[in-house]
Amino acid sequence: MRLPGGTMTANPAVPAAQYLRMSTEHQQYSLENQSTAIKKYAESNNFEIVRTYSDAARSGLVLRRRTGLQQLLKEVVGGTSGYRAILVYDVSRWGRFQDTDESAHYEFLCKSAGVPVHYCAETFANDGTLSSLIMKALKRTMAGEYSRELGVKVLAGQKRLACLGFKQGGRPGYGLRRMLVSSDLHPKQQLAFGERKSIATDRVILVPGPPHELQVVREIFRYLICDEQSVYAIACELNRKGIEYTGHSKWDYQAVYNVLTHPKYAGCHVFGRTSRKLYTPSVRLQKSEWILKPGAFEPIINPAVFADAQKILDGRTFNQTDEELLDRLRALLTLEGRLSLNIIKNSTRAPSPTTYRNRFGSLRRAYQLIGYGRPDQFGSIDMRGRALALREELISRIVAMFPNDVTIVRRGGRWRSRLRLSNGRIVSVLVARSIRAWKETLRWQVDPVWHERKFITLLARLDADNLSFLDFHVFLKMDRRCRFRICLSDPWLKQGMRLSDLSRLCEVVTLWLRKLALTRRVPN
C-alpha cells in the first residue's frame, strides 16, 4: 500500500477468530498445541487473531454442549462477529460429525456470511478448488470414521471386562457400593459418589452397602413374594415408614421396580441392557443380547428368591397381551364395582396404572376399551372422574355438531384434549363442577390450566347434581391462574359470552375474534 509521498507500507492484517476443540483423544490436540499452530499460520498468512472460541473436553460428534462453536455460529450468522476469517487446526477439530453434510452445513453458514473457514494444519488450501473439495470431503469422512472405529474398540473392551464381572461405570444402585480393586482383585478402597479410579489397571466391582439398606432390599422382596403387594404399594409402604431412597429422595414405582428386577441384587453382573452409540438416542436391547456374569458379586438376595420374584412380576404384566391386561381390569371392576387411580394402584389383581398408560396411552383409554367411563358409571365420590367423562362427551358432541369446522387435538398420554377450529384457533374446554358451599348454597369450582390460559376457553358448568350441563360461556382467554369458585350469577361471567345454545359456539367465537380485531385497530 502506497502512502502520500511515495512511502510503501504492508497490507493491514485481516482480523480472524480461532476455534479450538479438545476431547480426550491425544496430547497433539491440546488447546495449547492447536493455538500455537494456528498462530504460526496466522503470521504467515497475514491474519490477526482477535477472538478465541474453545470447547475443552467436548466431543466433536454433535453440536450440542459445544458452546464455543454455537456462539461462533450465532455471531457469524447474526453479522456481529467483527472478523473476516475463522482459523481451525484441522477438519477433525471442526467436528467428527457422523453425517458429513452437517459439518459442511456449518462451514457453509460461515462462508455465506463472508467469513470463510481455514484449516491450518491440513495439506490443502480451503479455496473451493476441485482438489480441495475432494480432500475436505475425504477428511470429513475419515474424521467421522475414526469415532466409529474407536467406539467399536471401546465397546469390545467393555464387553471383555464385563464378562470378567467388572463394572463399567454408572451408579451402583440402592444397597450397593463400588469397590476399587487391583488387577489381581485385591480390594483397595470403597469409592464415594463421584470418585473414579486413577490407575488404568485398577477395576471396579460391586459390594453390599450399609446393613440398613440391605435390610430394606430384603424387605422389598418379602413384600412382593410373601405379602403379594404391588410395586406401587411397596413404594408407599417404604415412604410411610420414612425410609429414604438414594439422594434423600422418596421411593416411587420405578425405584422399587429397579430393585426387584435388576440381577445385580442376586450377585449377577449385567452389561449392555441399553445401547447408545455415538450420541444417538438410547435403545433397550433384548435380554438375549445382555452380557451376564453370575456370581460376580456377593448377592444381597438369594438367586432362587430373585427368580421367584421375576416369575411374579412376569405373571403380572410381562408377555401378557393387551386383552389379558384388559381382562384383569374388568375383573377388578367386577370385584370393586368401580375403578379409580387409587383402586388400581393398591390392587394385587391388576397391574400398575403405569402399565396401562404405557400400553394404551392413558388410563382413560383403557377404561374406554372395557366399556367403562360413562358419566353415570362413576359413583358420588368419583366426582373428578365423572367431570372428565362429561368433558370428553362434550368435546365429542361439539365435533359431531361441526364436522367441517372443528377437530379434536389429542397428544396422547396424560395430555388434555382440545378443540381446533378451521381457522387454526385452539379452544380450551373447562368443566366446572358444582359444590355445596353452605347448606343449599351452590358454588362452581373452576380449575384453570396454566398452559391453556391464552386460548379461547369454553367454560361448561354442571348442574347441582353434576350429572348434566347447566350452561356454557365463551371467554377470549382465561384471566385466572389458580382454582377459584363462582356463584350462579357471578359478575366474572360477564367477561365472556353466554351461549344460549351450544350450536352457536363457532358463531360466538367468530364474534369474539372480530371484536378483538376491532379493538386492536382503534388508536389510543
Side-chain angles (χ1 to χ4, degrees), residues 356-369 371-375 378 383-433 444-463 466 468-484 486 492-521:
Y356 287 104
R357 291 191 186 107
N358 292 339
R359 285 289 188 98
F360 306 106
S362 67
L363 198 57
R364 180 153 296 281
R365 176 58 181 163
Y367 285 177
Q368 293 174 352
L369 292 174
Y372 180 77
R374 298 192 311 273
F378 292 93
M383 197 63 68
R384 183 175 180 274
R386 181 186 298 174
L388 289 174
L390 283 167
R391 182 180 182 276
E392 290 297 319
E393 187 178 273
L394 174 62
I395 288 176
S396 300
R397 178 179 162 193
I398 292 173
V399 173
M401 294 175 68
F402 306 97
N404 299 322
D405 300 315
V406 181
T407 56
I408 302 178
V409 180
R410 299 186 190 276
R411 296 183 61 177
R414 305 182 73 175
W415 283 86
R416 290 161 46 89
S417 53
R418 306 167 182 166
L419 297 175
R420 176 184 284 126
L421 306 183
S422 57
N423 59 8
R425 289 275 185 168
I426 298 295
V427 177
S428 171
V429 179
L430 295 180
V431 173
R433 57 182 184 267
W444 280 263
Q445 180 172 294
V446 183
D447 293 296
V449 180
W450 170 247
H451 56 270
E452 295 182 0
R453 67 190 186 282
K454 294 183 179 180
F455 296 153
I456 296 171
T457 301
L458 171 64
L459 177 67
R461 291 199 295 182
L462 299 180
D463 61 12
N466 290 306
S468 60
F469 293 104
L470 175 67
D471 56 17
F472 305 95
H473 297 262
V474 178
F475 296 83
L476 190 58
K477 63 178 181 179
M478 182 55 58
D479 63 344
R480 303 288 185 92
R481 297 187 178 187
C482 304
R483 171 183 291 177
F484 63 100
I486 57 177
W492 177 80
L493 293 172
K494 295 181 180 179
Q495 297 183 29
M497 291 186 182
R498 188 178 186 279
L499 291 180
S500 57
D501 191 285
L502 194 58
S503 61
R504 296 189 62 237
L505 174 63
C506 290
E507 176 188 347
V508 171
V509 170
T510 302
L511 289 174
W512 257 126
L513 295 177
R514 288 177 182 173
K515 182 178 179 180
L516 177 64
L518 289 173
T519 303
R520 289 176 175 175
R521 292 175 186 172

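Basis for what follows: all heavy atoms, side chains included, without hydrogens, waters or symmetry-related copies. Residue numbers run from 1 in the order of the sequence given.
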Determine whether [X] and [Y] make a side-chain contact, defined as any pair of heavy atoms from C-beta on separated by less than 4.5 Å.
{"X": "L421", "Y": "V406", "answer": "yes"}
{"X": "R418", "Y": "V429", "answer": "no"}
{"X": "R461", "Y": "H473", "answer": "yes"}

Spacing of [X] atom [atom1] and [Y] atom [atom2] [to the nearest 0.5 Å]:
{"X": "H451", "Y": "S428", "atom1": "NE2", "atom2": "OG", "result": "8.0 Å"}
{"X": "N404", "Y": "S422", "atom1": "CG", "atom2": "OG", "result": "9.0 Å"}
{"X": "D471", "Y": "L459", "atom1": "CG", "atom2": "CG", "result": "7.5 Å"}
{"X": "L390", "Y": "R397", "atom1": "CG", "atom2": "CZ", "result": "10.5 Å"}
{"X": "M497", "Y": "L458", "atom1": "CE", "atom2": "CG", "result": "13.5 Å"}
{"X": "L476", "Y": "F455", "atom1": "CG", "atom2": "CZ", "result": "12.5 Å"}

Legend entry - Cation-aromatic face contact R359/Y356, 6.0 Å, 45 degrees: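 No, R359 does not lie over the aromatic ring of Y356.
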
Inset, instruction - Apply side chain to side chain contact (heavy atoms under 4.5 Å, CB included) to the pair R416 and E452, showing each step before the final yes or no. - result: CA-CA 10 Å; R416 290 161 46 89; E452 295 182 0; 3.3 Å; yes

Legend entry - I426 vs L419, side chain to side chain contact (heavy atoms under 4.5 Å, CB included): CA-CA, chis, key distance, verdict: CA-CA 6 Å; I426 298 295; L419 297 175; over 6 Å; no

Inset, instruction - Go through the structure and list residues passing ring-ring contact (aromatic ring centres under 6.0 Å, His included) with F469, not counting sequence neighbours. - result: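 By the ring-ring contact (aromatic ring centres under 6.0 Å, His included) rule, F469 matches F472.
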
Legend entry - Contacts of type ring-ring contact (aromatic ring centres under 6.0 Å, His included), residue F475, not counting sequence neighbours: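 Partners of F475 by the ring-ring contact (aromatic ring centres under 6.0 Å, His included) criterion, ordered by chain and then number, come out as W492.
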
Legend entry - Results of side-chain hydrogen bond (donor to acceptor under 3.5 Å, both in side chains) for R391 - residues two or more places apart only: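 With sequence neighbours excluded, R391 shows a side-chain hydrogen bond (donor to acceptor under 3.5 Å, both in side chains) to S417, given in chain and number order.
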
Inset, instruction - Please name all residues satisfying salt bridge (Lys or Arg N to Asp or Glu O under 4.0 Å) with R483, sequence neighbours left out, ordered by chain then number. - result: D447

Legend entry - Qualifying residues under salt bridge (Lys or Arg N to Asp or Glu O under 4.0 Å), relative to D479, sequence neighbours excluded: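 Result, salt bridge (Lys or Arg N to Asp or Glu O under 4.0 Å) vs D479: none returned.
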
Legend entry - Worked check of side chain to side chain contact (heavy atoms under 4.5 Å, CB included) between R480 and V446: CA-CA 9 Å; R480 303 288 185 92; V446 183; over 6 Å; no

Inset, instruction - Mind jotting down which residue pairs meet the side chain to side chain donor-acceptor pair (under 3.5 Å) criterion with at least one end in residues 497-506? Sequence neighbours excluded, please. - result: D501-S503, R504-E507

Strictly distance-based, threshold 3.5 Å: is any side-chain N or O of [X] a donor or acceptor partner for the main-chain N or O of [Y]?
{"X": "R453", "Y": "W450", "value": "yes"}
{"X": "T407", "Y": "D405", "value": "no"}
{"X": "W512", "Y": "V474", "value": "yes"}

Which heavy atom in [X] sits nearest to a heavy atom in [Y], and how many Å separate them?
{"X": "F402", "Y": "C506", "value": "CD2-SG, 3.7 Å"}
{"X": "L430", "Y": "P448", "value": "CD1-CA, 4.3 Å"}
{"X": "L502", "Y": "M401", "value": "C-CE, 3.9 Å"}

Legend entry - Flag if over 12 foreign heavy atoms under 6.0 Å of CZ, R420: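 No.
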
Inset, instruction - Starting from the C-alpha separation in whole Å, work towards a yes-or-no answer on side chain to side chain contact (heavy atoms under 4.5 Å, CB included) for L513 and R425. - result: CA-CA 10 Å; L513 295 177; R425 289 275 185 168; 3.6 Å; yes

